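Since we're looking at a predicted model, the values are computed, not measured. Numbered from 1 within each chain, the chains take letters A, B, ... in sequence-line order.
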There are 2 protein chains.
Amino acid sequence: MQRKSFGNLQCPIARSLERVGEWWSILILRDAFHGLTRFDEFQKSLDIAPNMLTRRLQALVESELLEKRRYSEHPPRYDYVLTERGRDFRPVLWALLAWGNRHFAPEGPSVVLVDQETGAEVVPVMVDERTGRRLESGRYRSAPGPAADARTRARHGGPPGAVVATEGDDAP
Amino acid sequence: MQRKSFGNLQCPIARSLERVGEWWSILILRDAFHGLTRFDEFQKSLDIAPNMLTRRLQALVESELLEKRRYSEHPPRYDYVLTERGRDFRPVLWALLAWGNRHFAPEGPSVVLVDQETGAEVVPVMVDERTGRRLESGRYRSAPGPAADARTRARHGGPPGAVVATEGDDAP
DNA sequence: CAGTATCCTGTCCGATACTG
DNA sequence: CAGTATCGGACAGGATACTG
């Protein structure tokens, strides 16, 4: 099965999109985080055509975001559970949720994230793991990493390891 | 231009995907954060067909993620800059970057996020804005928000009497 | 340089029917 | 219940040519 290729595959964002670039995939993962595991549950929740669900589930299993597990011997029955790689995708969903709530919910959010113990609403924000600082200012930018090739280095305007501040504009 | 509809549009994630559900859109935004603004820059960076670039740029302008601005009168020339809504999308890109680096860069990351002042690599993580706690445990879940309809409430199985925290309602 | 105009292909996706 | 098989449409996306 030939995988679609997204421009510069050195870019980790492009690599991520190879696996979840189709929107059904993301919604399936969302539902998996909600605890759904069975074909039928996904189908009802998403209102997706069964053949499409099969395709997307297979792709997610191939990419090792979901694992197909037999939960019954007679008859043979399978369900789909998140792998570690799949569970690690959650921050992306949180970020999408926060963004959607901020910009596309004029009448207020219909789905929020809550702390189960206190019941309080949670607003997810990104911080630097080491310093705890919020990633909001123009202070942060992307740079070539250790495995960058020449083209990536040129693109990000710096030799590996060296941080080069380019024309004072903000970059991710 | 009829917009594609994604299942349950109450879900903020689905709403977000309406705007950035196509992978070119996300890569264009990524490049916009790198400081690209002109048609030509995007085209060279992405290696995208010009008509596709036109279509995706128009869609992003329509969704108000990018703003088309005239930067020259004679001849008339336009460039594309991020709006506030577009800039707010950055956490999603960071999350995708972190996920890609963790799971799809066996030979090490080729692009990393750095603190421009210290040059140190940054690993973005999600925290609760209010408590600063990391969103990692099974402690957090999504729940129906103030604007949830009956179906959404059922879907998220809010326990009866569940606290639905609004911004002013976080009394423990 | 900054696009527009055509044409074409692949495939995402939906609808439906069918099976162990 | 958990899918597979088949058909068809819409459109994302590519290639190319052309314009002010």
Trainee: Can you measure A/K44 atom NZ to D/dA2 atom C1' for me and round it to whole angstrom units?
Mentor: 11 Å

Trainee: Regarding B/R38, tell me which of base, sugar-phosphate or nothing describes its non-hydrogen contacts under 4.0 Å with the strands shown.
Mentor: sugar-phosphate

Trainee: Among D/dG13, C/dC13, C/dA17, which nucleotide has an atom closest to any side-chain atom of B/R55?
Mentor: D/dG13

Trainee: Mind listing the closest non-hydrogen atom pair of B/A105 and A/R15 along with its distance?
Mentor: CA-NH1, 3.4 Å

Trainee: If I take atom CG in residue A/D47 and atom P in nucleotide C/dT16, what distance separates them, rounded to the nearest angstrom?
Mentor: 12 Å

Trainee: What's the closest nucleotide to the B/F39 side chain, out of C/dC1, C/dC13, C/dT4?
Mentor: C/dT4

Trainee: Counting just side-chain N and O atoms, does A/T54 come under 4.0 Å of either OP1 or OP2 of D/dT4?
Mentor: yes

Trainee: For B/R70 and C/dA2, give me the distance from atom CZ to atom P, rounded to whole Å.
Mentor: 14 Å

Trainee: When you measure from the side chain of A/R77, which nucleotide among D/dG3, C/dG20, C/dG3 comes out closest?
Mentor: C/dG20

Trainee: Can you identify which nucleotide, out of C/dG14, C/dG3, D/dA12, has its nearest atom closest to the A/W24 side chain?
Mentor: C/dG14

Trainee: Is the shortest side-chain N/O distance from A/W23 to OP1 or OP2 of C/dC13 below 4.0 Å?
Mentor: yes

Trainee: How far apart are the closest heavy atoms of A/A147 and A/Q10, and which atoms are they?
Mentor: O-OE1, 3.7 Å

Trainee: I'd like to check the side-chain hydrogen bond (donor to acceptor under 3.5 Å, both in side chains) partners of A/N51; sequence neighbours left out, ordered by chain and number.
Mentor: none

Trainee: Figure out the CD/P separation between B/Q43 and C/dG3, and round it to whole Å.
Mentor: 10 Å

Trainee: Is B/Y71 touching bases, backbone alone, or none of the nucleic acid, heavy atoms closer than 4.0 Å?
Mentor: sugar-phosphate

Trainee: Which atom names give the shortest non-hydrogen contact between A/C11 and B/R30, and what distance separates them?
Mentor: SG-NH1, 3.0 Å

Trainee: Give the minimum heavy-atom separation between A/I28 and A/F42, together with the two atoms involved.
Mentor: O-CE2, 3.6 Å

Trainee: Is any side-chain heavy atom of A/P91 closer than 4.5 Å to one of B/L135?
Mentor: no

Trainee: Nearest-Å distance, CD1 (A/I48) to C1' (C/dC12)?
Mentor: 10 Å

Trainee: Heavy-atom distance under 4.5 Å between the side chains of B/F89 and B/R19, does that happen here?
Mentor: no

Trainee: Rounded off to whole Å, could you give me the CD1-to-P distance for the B/I26 and D/dG13 pair?
Mentor: 11 Å

Trainee: Could you state the CG-C1' distance from B/L57 to C/dG3, rounded to the nearest angstrom?
Mentor: 10 Å

Trainee: Check step by step if side-chain hydrogen bond (donor to acceptor under 3.5 Å, both in side chains) holds for A/Y140 and B/R90.
Mentor: CA-CA 11 Å; A/Y140 303 92; B/R90 240 166 136 183; over 6 Å; no

Trainee: Among D/dG13, D/dG3, D/dA17, find the nucleotide with the atom closest to the side chain of B/P50.
Mentor: D/dA17

Trainee: So which nucleotide from C/dG3, D/dA12, C/dA15 ends up closest to the side chain of B/E22?
Mentor: D/dA12

Trainee: Treating a pair as Watson-Crick (purine N1 to pyrimidine N3 plus N6-O4 or O6-N4) or G-U wobble (N1-O2 and O6-N3) with both distances under 3.5 Å, list the stems of 3 or more consecutive pairs that involve DNA chain C.
Mentor: C:1-20 with D:1-20

Trainee: Looking at D/dG3, D/dT6, D/dG14, which one has an atom nearest to any side-chain atom of B/N51?
Mentor: D/dG14

Trainee: Using whole Å, report how far CE of A/M52 lies from C1' of D/dT6.
Mentor: 15 Å

Trainee: May I ask you to say what A/Y80 touches in the nucleic acid, namely base, sugar-phosphate or nothing, with a heavy-atom cut-off under 4.0 Å?
Mentor: sugar-phosphate

